[in-house]
Amino acid sequence: MTELPKAYEPTVVEEKWQNRWMSEGCFHADPQSDKPAYSIVIPPPNVTGVLHMGHVLNNTIQDILARRARQEGKEVLWLPGTDHAGIATQARVEKELAKENPPRTRYDVGREDFVKMVWEWKEKHGGIIIKQLKKLGCSCDWDRERFTMDDVFAPEVARAFAELFKEGLIYRGRRMVNWDPVLRTALSDEEVIMTPSKSKLYTIRYKLADGSGQLLVSTTRPETIMADVAVAVNPKDPRFGHLIGKTVIRPLVETEIPIIADDHVEIDFGTGALKITPAHDRTDFEVGMKNNLEIIDILTADGHINCPACPELHGLDRFVARDKSVELIEAKGLLEKVEDYENNVGISQRSDVPIEPRLSMQWFLKYPCVQEAADAVANGDIVFRPAHWGKTYAHWLEGIQDWCISRQLWWGHRIPVWYRKDKAAELQEAAKLDEADAAAGDIYVGVEPPADPENWVQDEDALDTWFSSWLWPFATMDDECRAKFYPTSDLVTGPDIIFFWVARMIMAGYRFADGKKPFSNVFFTSIVRDLQGRKMSKSLGNSPDPLDLIARYGADGLRFGLMRIAPTGTDVKFDEKQIEEGKNFANKLYNAARFRMMQGETGTEAPKFTPVHIDILSKLKELHATVAEALSKYEFNTYTQSLYTFFWSEYCSLFLEAVKNDLREGEPAVKNATLYTIDTVLRHYLALLAPIMPHIAEELWQSLGFAARNNGLPLMSSPLPCADSLLAGLSDEDIFKARALSTALYETANRARNLKAEYNLATNKKVRFVVKPGTLPLSDDLMARLALLAGAQSATMDAAYEAPKGTPTALTPFGELFLPLDGLVDVDAERSRIGKELEKITKEIVKSNAKLSNASFVDRAPAAVVDQERARLAEWETKKAQLEAMMASLS
RNA sequence: GCACGGGUAGCUCAGUGGUAGAGCGGCUGUCUUACACACAGUUGGUCAGGAGUUCGAAUCUCUUCUCGUGUACCA
């Protein structure tokens, strides 16, 4: 007998197999293979990132898909890598600089040296997450790991830029953008989060220049009054028609500004008059352009007031200046009122501060292939799961705006545009630059720097990180790889990046990869929340550390526990209890295998199968089908749940408990059948389990000797055992009969246990049962198993049994079941028990009768349903008669 | 405002027209020779409220409430 510890210890086992798989190249994808291809590209985590629960969910799903595809005989590429994450990574290194003594900024270091420092940081600390993904057991082809700024990827980014520029889709212009005053860079619309905020609405008196009165103007931003160039009213507003064309005095840095008419002003809102500040508001900018108004910019890049004409405010932070400006206005007696007000403020996703609408010179992209991208999802060429994300996607594409792709950062892909040195200053200020300027030879756009670099100056800006990520599915592959594995099969990602990444990848795919879609299916995962339903975040401290969870529960336990509760289509509330269950399940598996190992080899006699053997093998066959269907429909919780129920309930609690005696004292032929069945179930089951719990499946596969029987092939590299071979020699009728008998056995055993419990007999109390058989063909085999399952000394058939008065009994599928207690029954307690049961049954009978006497039910419901109801009623009535007889026998 | 997704047992979730389910938790027993990370039993639900369709509704329709997400915005 093998001596093994009683509890499963995942840590050592998991690391062992991760190393073995990698050293044996099990994850390697061969582009030369004849097998059909299956491919996934990982959503590249930030190179600064550490593993969080979202990654665990996401990558476990990908791993399940990849491992299952390998078992199905496909050549699998799961391509890993990391994203350079411009802002996050640059900020990370800037933080290090700030910690120095004396503290430094990137400007102190200079661009070239700073970028060098970031690379050094990346080499040293970056990519921790890759190691963490390995600990989770991810079967990525690690030899193909890519980085969005590596030598293979970076040129593709520049090439994409150059092509789109040439096509006229990329241009440079001075436009209103979302400006982050902390990071001092432009951001895309997607990086701005509109957040309801409590603020104040100030109503201010703008005096008419001719002294004939005043105009009340409401604003939330009094600190920008110095930049007002007009006040606008709606031309249809009867209150103000006569004022249009007059002028008012701007309350700060006093000067006359015109009252203009513009449809944009809502008559009903506030006072009906709107101050126009083109430099600091998007819609005001448009109004300004329409009316040819001046643009007065009074904010610096880092959000301070730049207005020497107003010395009280000049140099102040924008929020300090807000309060101060109100004081100034109040001092002038121009403040009408202040009200609490809730409005939406755009907050920078990156730095968490309110963004500033700011006029600046940036690069923009008109998205390519928008129509193809929209059609692909609409017509099912690319399938979204859950499908409702298609609506969100379509809606975004409909209202799509040009993408601001330039960032005032140093870490990232520098914009591959060079200006002719002698005209550089002039070109930098040009209102618009596009392919015409390149044709004229004034600017150069290309993957390689110009041949005579001394005559050129490169653009200072870097590209938005997503401008590289959108190329990920194909730019990560070389030609050979692409020929085999592109388009990829599945993409697994969170719905939070549907616009940032998914939509843009689809467009890039059609534009750059021979018009081919980048993937066929997109599976949007749930978002992992805490038990209060809050998103997990560092600042809330509600995000458990997956590595800690792995240390305590094992990677398999974590994977299984999380997948079991991850619903499709909604968010998942994370509960550590679930992970504990995953670990417990691993322990259950381990012990079930250990049990097998204690039994020794199968003998040579021809196995003799009994109903319970056939039953479990048939359920195993069903499990094959359930798993296949669940995975093909991406229903991972169904997959996980069916694995759990089969093993714990069907196999361990029912089957194993029913056959234990075969192993101890059964006749050799039955013992062989049992050992054969156990081995078959375990072998198939471990293969079905392997995609989600790869480590323990592999470990048990080895220790149970399945690998040895298969030329030492690890489970990882073995094809899925064929379900058709199960029960090959048996007819459907044989199987049906065996299952019916087994079901009856298990149900009878339950009743028997209930009886024992009702009479307060301990589970292990060795009682005897007598069965007065009904219609089922019972056998000694079944009776022996019943005794074992019910924890009884014996269970015997006796058609002529005369139960002593008051003998506990129950109606079972086997017939009448008696538990002779030799006069130990408390008659009163028994009577009350039976009374309660009778009450319950009578209610059911009344309900059932009512239903069956309803003519419309009998006429219109399907016959099968009506028959079912009749059978049910008959059963209740038999039981009732029996209970009444028992009751009578008690008195 | 508009759109989408939820609301089922104390908790986390299954369940898309035919007797309301699982796991955990609670409560009772049991260290029964694979597993106390276990076993056996048991307790928990007007399926958010209302109306409708139907012989029959957790399930389909409408509506209200409520939570969440996305999106558009007027200072």
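Proteins come first, then strands; the chains are lettered A, B, ... in the order of their sequence lines, and each starts at number 1.
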Answer yes or no: is there an ion pair linking [X] with [Y], defined by an N-O contact shorter than 4.0 Å?
{"X": "D662(A)", "Y": "R785(A)", "value": "yes"}
{"X": "K577(A)", "Y": "D575(A)", "value": "no"}
{"X": "E580(A)", "Y": "R552(A)", "value": "no"}

Practice task
Quick one: label Y553(A) by what it contacts on the DNA or RNA (base, sugar-phosphate, nothing), any heavy atom closer than 4.0 Å.
Solution key: nothing
Exercise for the section: Could you check W876(A) against L656(A) and say which one's nearest nucleotide on RNA chain B is further toward the 5' end? Expected result: W876(A)
Problem - Toward the 5' end of RNA chain B, by each residue's nearest nucleotide, H395(A) or L201(A) - result: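 Closest to the 5' end, via its nearest nucleotide, is H395(A).
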Handout entry: Contacts of E875(A) that satisfy salt bridge (charged side-chain N to carboxylate O under 4.0 Å, His left out) - sequence neighbours left out
Key =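 Testing E875(A) for salt bridge (charged side-chain N to carboxylate O under 4.0 Å, His left out), a comparison that skips the adjacent residues, returns none.
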Practice task
Using salt bridge (charged side-chain N to carboxylate O under 4.0 Å, His left out) as the criterion, list what pairs up with E650(A), not counting sequence neighbours.
Solution key: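 So E650(A) forms a salt bridge (charged side-chain N to carboxylate O under 4.0 Å, His left out) with K619(A).
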Practice task
Give none if rG26(B) has no partner; otherwise give the nucleotide forming a Watson-Crick or G-U wobble pair with it, both distances under 3.5 Å.
Solution key: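 Partner of rG26(B): rU42(B).
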Problem - Point-to-point distance, once rounded to the nearest 0.5 Å, from CG of N584(A) to CD1 of I579(A) - result: 11.5 Å
Which atoms of nucleotides 16-18 of chain B (N or O only) lie under 3.5 Å from a protein N or O atom, and what are those distances?
none

Problem - Partner residues of E9(A) under the side-chain contact (heavy atoms from CB on, under 4.5 Å) criterion, sequence neighbours left out - result: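 In terms of side-chain contact (heavy atoms from CB on, under 4.5 Å), with neighbours along the sequence ignored, E9(A) is linked to no residue.
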Problem - Partners passing side-chain contact (heavy atoms from CB on, under 4.5 Å) against D281(A) (at least two apart in sequence or in another chain) - result: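 Once residues adjacent in sequence are excluded, the partners of D281(A) under the side-chain contact (heavy atoms from CB on, under 4.5 Å) criterion are T283(A), D284(A).
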Handout entry: Partner of Y553(A) by side chain to side chain donor-acceptor pair (under 3.5 Å), out of E576(A), Q578(A), K583(A), E581(A)
Key =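 Exactly one option meets the side chain to side chain donor-acceptor pair (under 3.5 Å) with Y553(A), and it is E576(A).
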Whole-angstrom distance between [N] and [M], as gauged at atom [atom1]:
{"N": "rA58(B)", "M": "rU53(B)", "atom1": "P", "answer": "16 Å"}
{"N": "rG70(B)", "M": "rA40(B)", "atom1": "P", "answer": "45 Å"}
{"N": "rG10(B)", "M": "rC27(B)", "atom1": "P", "answer": "16 Å"}
{"N": "rU12(B)", "M": "rC74(B)", "atom1": "C1'", "answer": "43 Å"}

Between [options], spot the one nearest the side chain of [X], thanks.
{"X": "N854(A)", "options": "rA34(B), rC11(B), rC55(B)", "value": "rC55(B)"}
{"X": "R564(A)", "options": "rA34(B), rC74(B), rG23(B)", "value": "rG23(B)"}
{"X": "E581(A)", "options": "rC4(B), rC24(B), rU12(B)", "value": "rC24(B)"}
{"X": "A592(A)", "options": "rU71(B), rC74(B), rA34(B)", "value": "rA34(B)"}
{"X": "T392(A)", "options": "rA22(B), rU12(B), rG70(B)", "value": "rG70(B)"}

Fill in the blank from the handout: R529(A) CZ to rG68(B) C1', in whole Å, measures 6 Å
Kindly give the atom pairs (protein nitrogen or oxygen, nucleotide nitrogen or oxygen) under 3.5 Å for nucleotides 35-40 of chain B.
from	atom 1	to	atom 2	distance (Å)
rC35(B)	OP1	K6(A)	NZ	2.9
rC35(B)	O4'	N591(A)	OD1	3.0
rC35(B)	O4'	N591(A)	ND2	3.3
rC35(B)	O2'	N587(A)	ND2	3.1
rC35(B)	O2'	N591(A)	ND2	3.4
rC35(B)	O2	K588(A)	NZ	3.1
rC35(B)	N3	K588(A)	NZ	2.9
rC37(B)	O4'	N584(A)	OD1	3.0
rC37(B)	O2'	N587(A)	ND2	3.0
rC37(B)	O2	N584(A)	OD1	3.4
rA38(B)	O3'	K588(A)	NZ	3.3
rC39(B)	OP1	K588(A)	NZ	2.9
rC39(B)	OP1	W648(A)	NE1	2.5
rA40(B)	O3'	R753(A)	NE	3.3

Problem - Mutual orientation of the aromatic rings belonging to F523(A) and F636(A) [parallel < 30°, tilted 30-60°, perpendicular > 60°] - result: perpendicular
Problem - Under 4.0 angstrom between K577(A) side-chain N/O and rC24(B) OP1 or OP2 - result: no
